Amino acid sequence: MTRLSEYLLPTLKQAPADAEAISHKLMVRAGLVRQMGAGMWTWLPAGWRVHQKVVAIVREEIDAIGGREMLMPVLQPADPWRKTGRLQIEELFKLEDRKGAELVLAMTHEEAVTFHAAQTIDSYRDLPLILYHFQVKERDEPRPRAGVLRTREFVMKDSYSFDRDQAGLEERYALHVGAYDRIMLRTGLRFYRVESDVGMMGGLGAHEYMAPCPAGEDEIVLGEGYAANVEVARGDSRVQCVADGDGRERWTRDGQALALEPAIEIGNIFKLGTRYSEPLGATYLDEHGAELPIWMGSYGIGPARVVAAAVEQFADEDGISWPVALAPFAVHLVALGRAGTPERDAAELLYAKLNEGGVEAIYDDRDAGVGEKFADADLLGCPLRLTVGRRSLESGEIEVHLRRTREQTGGLPLSADAPTLAKAVDELCQSLP
RNA sequence: CGGGGAGUGGCGCAGUCUGGUAGCGCACCCGGCUGGGGGCCGGGCGGUCGCAGGUUCAAAUCCUGUCUCCCCGACCA
C-alpha cells in the first residue's frame with residue numbers, strides 16, 4: 001500500500017546546482033537519493049525499491065548457478081590484508097580500536113572469504129563452492145563523482161568461487177559469465193561484456209560489463225561483433241588507432257570503423273587463481289592426501305551503478321523512464337479531483353483493486369494540481385501511468401499512459417475486477433522494454 | 001595529488017567590488033478560489049550569511065587561518 005500522501009518522495013523542480021551527470025540530477029530531483037557528504041549517499045524509500053529490484057535479480061541468478069548467500073563483516077582485522085600485501089593500498093580505510101589493534105574497512109572481500117575458506121574447506125570433497133553476499137564496500141576514493149556513480153561507500157554483490165584446479169575455475173567462471181549475461185539482460189540495460197586488463201590481479205583473465213551512457217568514466221571500443229575496453233583494444237593487433245587532424249582518434253578493426261563510447265562499469269569478473277589462497281593458506285587435500293592451493297574467482301556487481309546507468313540510458317527531458325524490471329512501481333496511479341468527489345472515489349476503488357490484484361502501485365492521492373501530479377509521475381518514471389478523473393467517469397475507462405513512448409493506449413474499464421486489472425497491467429508491462 | 005569554482009532559510013539565487021545590521025523565486029504553514037500539465041489571491045513561519053580569529057563605532061561584505069562541497073585531470077586491486 002503506497003499512497004503518496006503517506007510516503008516520502010521529496011521531488012524537486014530544480015536540480016542541485018552542483019549536479020552535472022543526468023543520473024545525479026534526476027535521482028535527486030525524483031526523490032530517490034540524497035547526499036550526506038562527498039561520496040556518501042542515502043537511498044530514500046523509492047530509490048531503495050529500485051536498488052532492491054536489482055538485488056533481487058542478481059540474487060536469483062547467482063542462486064541459480066549454485067551460489068550460497070552469506071554475510072561477511074566490513075570492519076576487519078588488518079592482518080589478512082597485510083598477508084595479501086593489500087594493506088598499503090591508499091584507498092583502503094585503516095583505523096584502530098581503543099586498544100590500538102589495527103583494523104580496516106573492507107573495500108572488497110577476498111581477504112575475508114579466503115580467511116574462512118582456509119578455516120572451513122579441508123578436502124577436495126568440499127569443492128567446488130560458490131559463496132556470495134551483498135555487503136557495503138568502503139573506499140577512500142580520491143575523487144567521488146557523479147552522484148551515486150562513484151561513491152566512497154556502496155553496496156556490492158561479490159561472489160567467490162573455489163575449485164581444486166584451473167579447469168574447475170574455468171567452469172565456475174563460465175557459470176558466472178552466463179549468470180551475469182542473464183542479469184544484465186533482465187535489467188533491460190544496454191550493455192557489453194568486454195575483455196579487460198587483468199592488471200595486478202594476476203594474468204588469468206577478466207571481463208567487465210559495461211553500460212554505455214553519457215556519464216561513463218571509461219571508454220569502450222565498439223564494432224560489428226566487437227566490444228573491448230580501450231586498453232585491450234590497443235593491444236589487439238587487428239585494431240588500429242590513428243589520430244586525425246583535430247586530435248581525435250579514429251579506430252578501425254580490419255579496416256572497419258569502430259565507435260568509441262563512454263560507459264560505466266557495472267560488473268566485473270576475475271580469475272584470481274591462487275593469488276589469495278596461497279598467502280592466506282587456503283588449501284585442500286586431494287585424493288592422494290596432497291595439500292594443494294584452492295583456485296579462486298571473484299565476481300562483482302554494483303546495484304547502484306546499474307540503477308544510475310538505467311537512469312542515464314533512458315531519461316528524457318521530463319525525467320526518468322525505468323525499464324519495467326527496475327521500476328520502483330509498475331503503476332503510477334493519478335487521482336484527479338478533490339477528496340470526496342466521485343472521480344476521487346473511483347480512484348480510491350481502483351487503487352484498492354490494484355492492491356488486491358497484487359499490482360505494485362504508487363497512488364498519488366495528494367491534494368495537488370494536475371500539472372504537479374503529472375510532472376512528478378514523469379520524473380519518477382514508472383512505466384505505466386493510470387489516470388482517473390471526470391473523463392474516466394464519463395467514458396467508464398481508466399486512461400493508460402506509457403511513460404517511455406508517451407503513448408496513450410486504449411483505456412481499461414473502470415468496472416474491471418481485481419484479477420482482470422492485474423492481468424491487464426501485467427500484459428502491458430510484458431509488452432514494454 | 002595538480003588545476004578551476006562555490007559555501008547566504010529545504011532548493012535555486014541576489015547582496016560582497018564601494019562595511020551601516022539580510023532580500024527574491026520556489027517549497028512549507030493558514031484561509032479562500034481553482035481543478036486534465038508544476039494554477040490564482042491574501043496572510044504567515046523560517047537564515048547569528050560554513051567555522052575560528054582579526055581590523056573597525058559597526059563585518060555577509062575587508063584581512064588571516066581553517067573546514068566543506070562541486071567540476072576537469074591523475075587515480076580507480
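What you see is a predicted model, and the numbers here were worked out from it, not measured in a lab. Naming convention: chains lettered A, B, ... in sequence-line order (proteins, then strands); numbering from 1 in each chain.
- Closest to the side chain of Q35(A), from the set C75(B), C69(B), G38(B), is C69(B).
- The interatomic distance linking E20(A) (CD) with C70(B) (C1') rounds to 9 Å, in whole Å.
- Looking only at atom types and distance, the side chain of E110(A) has no donor-acceptor partner in the side chain of Y276(A) under 3.5 Å away.
- Comparing G10(B) with U21(B), their P atoms are spaced 24 Å from each other, to the whole Å.
- Taking atom CD on E111(A) and atom P on A77(B), their separation rounds to 14 Å, with Å as the unit.
- In this structure, a donor-acceptor pair under 3.5 Å is present between the side chains of H176(A) and S159(A).
- When the P atom is compared between C13(B) and G7(B), the two are found 9 Å apart, to the nearest whole Å.
- Taking every side-chain heavy atom of K13(A) into account, G38(B) is the closest of G38(B), C70(B), A77(B).
- In this structure, CD of E217(A) is placed 11 Å from P of C71(B), rounded to the nearest angstrom.
- No donor-acceptor contact under 3.5 angstrom links the side chains of Q240(A) and W251(A), judged on distance only.
- Between the CZ atom of R366(A) and the P atom of A27(B) there is a distance of 12 Å, rounded to whole Å.
- R145(A) comes within 4.0 angstrom of sugar-phosphate atoms only, judged by non-hydrogen atoms across all strands, and of no base.
- The 5' end of RNA chain B is approached more closely, in terms of each residue's nearest nucleotide, by G371(A) than by the other of G371(A) and A21(A).
- In this structure, CZ of R143(A) is placed 7 Å from P of G73(B), rounded to the nearest angstrom.
- Using a 4.0 Å heavy-atom criterion, one finds that R29(A) contacts the bases of the nucleic acid, with or without backbone contacts as well.
- The same atom, C1', is picked in U55(B) and in G73(B); the two are 40 Å apart, to the nearest Å.
- For D158(A) and H133(A), the side-chain atoms include at least one donor-acceptor pair closer than 3.5 Å.
- Between R139(A) and C75(B) there is no side-chain polar atom (N or O) within less than 4.0 angstrom of OP1 or OP2.
- At whole-Å resolution of the value, CD in E138(A) and C1' in A77(B) are 17 Å apart.
- Nucleotide U55(B): unpaired (no Watson-Crick or G-U wobble partner with both distances less than 3.5 Å).
- Comparing atom distances between the P142(A) side chain and each of C75(B), G38(B), G37(B) picks out C75(B) as nearest.
- Classified by interplanar angle (parallel below 30°, tilted 30° to 60°, perpendicular above 60°), the ring pair Y299(A)/Y173(A) is tilted.
- The nucleotide C13(B) finds its pairing partner in G23(B), both defining distances of the Watson-Crick or G-U wobble pair being shorter than 3.5 Å.
- Listed by chain and number, the residues in a ring-ring contact (aromatic ring centres under 6.0 Å, His included) with Y363(A) are Y351(A) (sequence neighbours excluded).
- Judged by the 6.0 Å and 45° rule, R193(A) forms no cation-pi pair with Y180(A).
- Atom name C1', nucleotides G9(B) and G44(B): the rounded distance is 15 Å, in whole Å.
- At a threshold of 4.0 angstrom between heavy atoms, the contacts of S392(A) include nucleobase atoms, whether or not backbone atoms are also involved.
- Here G337(A) lies out of heavy-atom contact (under 4.0 Å) with every strand.
- Relative to the side chain of R338(A), the nucleotides G36(B), G38(B), G35(B) differ in distance, and G35(B) lies closest.
- Nucleotides G38(B) and C11(B), compared at atom C1', are 15 Å apart to the nearest Å.
- In this structure, K157(A) is not positioned above the aromatic face of F134(A) in the sense of NZ or CZ being under 6.0 Å from the six-membered ring centre and within 45° of the axis.
- Using a 4.0 Å heavy-atom cutoff across all strands shown, A146(A) reaches sugar-phosphate atoms only and no base atom.
- Here G37(B) presents its P atom at 16 Å from NE2 of H332(A), a figure rounded to the nearest Å.
- Distances from the side chain of R152(A) to the nucleotides G37(B), G73(B), C69(B) place C69(B) closest.
- Spacing between A22(B) and A27(B) at atom P, rounded to whole Å, works out to 26 Å.
- Considering only the side chain of R391(A), G36(B) comes nearest among G37(B), G36(B), C69(B).
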**Request:** Sugar-phosphate atoms are those with a prime plus P, OP1 and OP2; base atoms are the rest. Using that split, label each nucleotide of nucleotides 5-13 of chain B B, S or - for protein heavy atoms under 4.0 Å, 5' to 3'.
**Result:** ------BSS
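- Listed by chain and residue number, nothing satisfies the salt bridge (charged side-chain N to carboxylate O under 4.0 Å, His left out) test with D63(A) (two or more places apart in sequence, or in another chain).
- With both ends at atom P, the span from G37(B) to C29(B) equals 23 Å, rounded to whole Å.
- For the residue pair Y160(A)/R172(A), the side-chain donor-acceptor check at 3.5 Å is not satisfied.
- Comparing the P positions of U8(B) and C69(B) gives an interatomic distance of 14 Å, to the nearest angstrom.
- In this structure, L393(A) atom CG and G35(B) atom P are separated by 16 Å, rounded to whole Å.
- Using a 4.0 Å heavy-atom distance criterion, D140(A) is classed as making no nucleic acid contact.
- Where W41(A) and H401(A) each meet RNA chain B at their nearest nucleotide, the meeting point lying more 5' is that of H401(A).
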